[in-house]
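Reminder, nothing fancy here: chain letters follow the sequence lines and each chain counts from 1. Everything numeric here is computed off the predicted structure, so don't read it as measured data.
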Number of protein chains: 2
Amino acid sequence: MSEFKTDVILKGDCIQVLKSLPDASVDAVFADPPYNLQLGGDLLRPDNSRVDAVDDDWDKFDSFAAYDAFTRAWMAECRRVLKPEGTIWVIGSYHNVFRLGSAIQDLGFWVLNDIVWRKSNPMPNFKGTRFTNAHETLIWAARSQGQKRYTFNYDALKAFNEDTQMRSDWTFALCTGEERIKDADGKKAHPTQKPEALLHRVLLASTRPGDVVLDPFFGTGTTGAAAKRLGRRYIGIEREDDYIRVAEKRLAAVVPANPEDLAVMGSKRSEPRVPFGALVEAGLLRPGDRLYAPDGSREARVRADGSLIHGDLTGSIHKLGALMENAPACNGWTYWRFKTDQGFKSIDTLRAEIRAAM
Amino acid sequence: MSEFKTDVILKGDCIQVLKSLPDASVDAVFADPPYNLQLGGDLLRPDNSRVDAVDDDWDKFDSFAAYDAFTRAWMAECRRVLKPEGTIWVIGSYHNVFRLGSAIQDLGFWVLNDIVWRKSNPMPNFKGTRFTNAHETLIWAARSQGQKRYTFNYDALKAFNEDTQMRSDWTFALCTGEERIKDADGKKAHPTQKPEALLHRVLLASTRPGDVVLDPFFGTGTTGAAAKRLGRRYIGIEREDDYIRVAEKRLAAVVPANPEDLAVMGSKRSEPRVPFGALVEAGLLRPGDRLYAPDGSREARVRADGSLIHGDLTGSIHKLGALMENAPACNGWTYWRFKTDQGFKSIDTLRAEIRAAM
DNA sequence: TCTCGCAATGAATCTTTCT
DNA sequence: CAGAAAGATTCATTGCGAG
């Protein structure tokens, strides 16, 4: 059993290092894999022979096959390392994203969304032979189909987006200027450094404070920087010493946000359940009290066990609400009202009282 | 050798019909194949109305393997039928587009761009479980690598796009309202009719007047309608009699446009907004920073998700502003201020900064 | 005739907990 | 594990009918 440390950069080949990590140990994976088919040594056939540069159709197919084998090898390890309720993010462009997406599906992940990173300042197509390639694609997937309990901070992103739900197209500027890390000689330290804002949104959406985020292609550590800033933990895997040095220096300088500012808008689903009967027990409502439909057209009587009665119809607040409206379902908490000196009030205000006292 | 007519709808299974077409005979292919959606049960909106889902038999496949086999069969025939300098367009969503893209690459096509159709009015995610699925993806590919003589009307598109290069993300509204073809009983005639503006741009970009455009999944004939309007020829393949009838009637009514009239068919410009959360992502504000009400009497703290907190009140800039003022609504952008060396400034100035960088 | 409010709807892989 | 019950959940646009 290997040791499991977080907030570290593990040096080595990503597949080898992944194999050393325990099963079901990380909450999220973010992967920005190489797609240049000739990127030094990454591309090995299943038999470990190296793929040469290629031109003709047959070899092209061969190189796609090699890329697929490589992809499926690291991705399968990521799946093993991921907790059941964890999710994976991968990013790519049209060169490789179809390979990534097919692999994700074939390995048993369940795609939740594809997200478009719309670049506000893309590099123009100088020759005028194609459309300006102005976006990249992220794929977000759960570990398996039917896994409904993945982390998604829906309400946080809705607040972020000024109270309308976050869409699948995100606009960010390229990583340039101050943020772009340069060598001593002024050259960019890494060819594909991602904007930290992108990682900020990814982690805010799909992880919680304290979660462990794994990045098998760590590069200069954008994932780690965003994780640290947001109070998440990270594990980076990187092969190149140069990148590791840059990342370590970068990460040392990152100042985490205060824990109390990392709280985000919570969901109602995460609040404790309060049975309607508890309102009666607490004396906020009494047996015999009347509840009223939103338009006042109907009423029901509260019984001692927290059920409602209307004529010869009885049931929970939800069931009776649905019956009143002849609807397939009804949230009784927001449906029923009770009478006060100041007029009608939702029974949900009484639930809030109980929760506040808890 | 089969007869080769254009401006026709060929009835039958698309693979069978494709086999009857001669080699190297069409200039472009546009294909909107089944998406293999894999839906669960019914989906209800919050108001309990039922979503009219795509549950047609033609969209059901037993497995990814079955879908891949189908995809490669029709796509290989399309490649055979395509002229050497011809290009293919396919459209899909995350359910199927990775399969399409991998097949395109494996069959020897050469991807030129992937294009994002950004929907200005997508259906929301009713249950709050994912990001709003607000786009679909098109793939544009040449018949083979090294084929440089494909048609791309660079200058036309640049003029079309207010003299800047056309990007890979396009914004269009869904096909609704008058454009959406209805049955006699008022139901939509086809579940997935595409907006003609999308096809208009596709054909304008990648074909010339007189070119032959093949659509192997013709449906109600949007490709044919755009082709006819633009002075291109079309060949549609469709299996369902109902769709063919609708398409024939539709096509008969299409009037080819005068070239000078075509310029007006641009897309609605509805650029993405800059949400408040983006200021936090960009580092213009940090979690923990203070915002102040106009009269300075109240303050709130910024959190990582762009929500504000004041005591135990939380919410978006708008919601918390409204709470502060005990008002029904509030424009948070003009309400909140932050402190600088030069005194207080509106957060709206920060939004302007981000927009300027875009 | 014009305005306002309400209903309808679009390629959707759309819940969680307890018995 | 299946089934029942609790309970949470929507954005932009079009069209129609009331006023």
[atom1] gap between [N] and [M], integer Å:
N: C/dT16; M: D/dT9; atom1: C1'; result: 13 Å
N: D/dT10; M: C/dC6; atom1: C1'; result: 16 Å
N: C/dC14; M: C/dG10; atom1: C1'; result: 15 Å
N: C/dT13; M: D/dG7; atom1: C1'; result: 23 Å

[X] near the nucleic acid: base, sugar-phosphate alone, or nothing, with a heavy-atom cut-off under 4.0 Å?
X: A/Gly315; answer: nothing
X: B/Tyr94; answer: base
X: A/Val274; answer: sugar-phosphate
X: A/Ser267; answer: nothing
X: B/Pro195; answer: nothing
X: B/Asn133; answer: sugar-phosphate
X: B/Asn48; answer: nothing

Task: Which nucleotides of DNA chain D pair, in dot-bracket form (Watson-Crick or G-U under 3.5 Å, | meaning another strand) - done: .|||||....|||||||||
Task: First encountered from the 5' end of DNA chain D, between B/Pro122 and A/Pro275 - done: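 First, find each residue's nearest nucleotide; the 5'-ward one identifies A/Pro275.
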- [ ] Enter syn or anti for the glycosidic conformation of C/dT13, syn applying to angles within 90° of 0.
- [x]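 For C/dT13, whose glycosidic angle is within 90° of 0, the conformation is syn.
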Task: ring-ring contact (aromatic ring centres under 6.0 Å, His included) involving B/Tyr67 - partner list, sequence neighbours excluded - done: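 Here the qualifying residues are B/Phe61.
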TODO: Can you sort out the partners of B/Phe218 under ring-ring contact (aromatic ring centres under 6.0 Å, His included), two or more places apart, ordered by chain and number?
DONE: B/Tyr234
Open item on the list: I'd like to check A/His135 versus A/Asp169 (side-chain heavy atoms, cut-off strictly below 4.5 Å). Are they in contact?
Closed with: no
Open item on the list: Quick check: do B/Lys187 and B/Lys182 have side-chain heavy atoms less than 4.5 Å from each other?
Closed with: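 Side-chain contact under 4.5 Å: no.
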Open item on the list: Show me the pairs that pass salt bridge (Lys or Arg N to Asp or Glu O under 4.0 Å) and involve residues 349-358 of chain A, at least two apart or across chains.
Closed with: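 Listed once each, the pairs are A/Glu271-A/Arg355, A/Asp348-A/Arg351.
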Sequence-distant partners of [X], side chain to side chain contact (heavy atoms under 4.5 Å, CB included), two or more places apart:
X: B/Thr129; answer: A/Tyr150, B/Asn125, B/Lys127
X: B/Pro122; answer: A/Arg167, B/Lys119, B/Thr132, B/Ala134
X: B/Asp57; answer: B/Lys60
X: B/Asp42; answer: B/Arg50

Roughly, in whole Å, what's the span from [atom1] in [X] to [atom2] in [N]?
X: B/Lys127; N: D/dA8; atom1: NZ; atom2: P; value: 12 Å
X: B/Asp59; N: C/dA12; atom1: CG; atom2: C1'; value: 11 Å
X: B/Leu44; N: C/dT15; atom1: CG; atom2: C1'; value: 12 Å
X: B/Asn125; N: C/dA11; atom1: CG; atom2: P; value: 16 Å
X: A/Phe276; N: C/dT17; atom1: CZ; atom2: P; value: 22 Å

Looking only at side-chain N and O atoms, does [X] come under 4.0 Å of OP1 or OP2 in [N]?
X: B/Tyr35; N: C/dT13; result: no
X: A/Asn331; N: D/dA6; result: no
X: A/His318; N: D/dA6; result: no
X: B/Arg118; N: D/dA12; result: no

Using nucleotides 15-19 of chain D, report all nitrogen or oxygen pairs with the protein that are shorter than 3.5 Å.
unit_1: D/dG15; atom_1: OP1; unit_2: B/Glu178; atom_2: N; d: 3.4

Open item on the list: I'd like to know if B/Arg130 reaches the base of C/dT13 with its side chain such that a donor and an acceptor end up less than 3.5 angstrom apart.
Closed with: yes
Task: Any N/O donor-acceptor pair, B/Lys194 side-chain to C/dA11 base, under 3.5 Å - done: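 Check passes, donor-acceptor contact within cut-off.
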Determine whether a donor-acceptor pair (N or O, by modelled atom type, separation under 3.5 Å) exists between the side chain of [X] and the backbone of [Y].
X: A/Asp211; Y: A/Ala28; answer: no
X: B/Trp117; Y: B/Phe172; answer: yes
X: B/Asp47; Y: B/Ser49; answer: yes
X: A/Glu162; Y: B/Phe276; answer: yes

Open item on the list: For A/Asp106, run the salt bridge (Lys or Arg N to Asp or Glu O under 4.0 Å) check against A/Arg79, A/Arg72, A/Arg99 and tell me which one passes.
Closed with: A/Arg72
- [ ] Kindly state which residues belonging to residues 138-170 of chain A come within less than 4.0 angstrom of DNA chain C, counting heavy atoms of the residue only, listed by number.
- [x]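 Those residues whose heavy atoms fall under 4.0 Å from DNA chain C, taken from residues 138-170 of chain A in numerical order, are A/Lys148, A/Arg149.
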Open item on the list: Measuring from the side chain of A/Lys268 (C-beta onward, heavy atoms only), which nucleotide among D/dT9, D/dT13, C/dG10 has the closest atom?
Closed with: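 The answer is D/dT9.
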Open item on the list: Using a 5.5 Å cut-off between ring centres and planes within 30 degrees, is B/Phe126 stacked on the base of C/dC14?
Closed with: no
TODO: Supply the atom-to-atom distance B/Arg250 CZ to B/Ile181 CD1, rounded to the nearest 0.5 angstrom.
DONE: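 One finds 4.0 Å between CZ of B/Arg250 and CD1 of B/Ile181.
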Task: Letter per nucleotide, 5' to 3', of nucleotides 3-9 of chain C [B base touched, S only sugar-phosphate touched, - untouched; heavy atoms, 4.0 Å] - done: ------B
- [ ] Quick one: which residue pairs count as a side-chain hydrogen bond (donor to acceptor under 3.5 Å, both in side chains) with a foot in residues 312-334 of chain A, not counting sequence neighbours?
- [x] A/Glu325-A/Tyr335
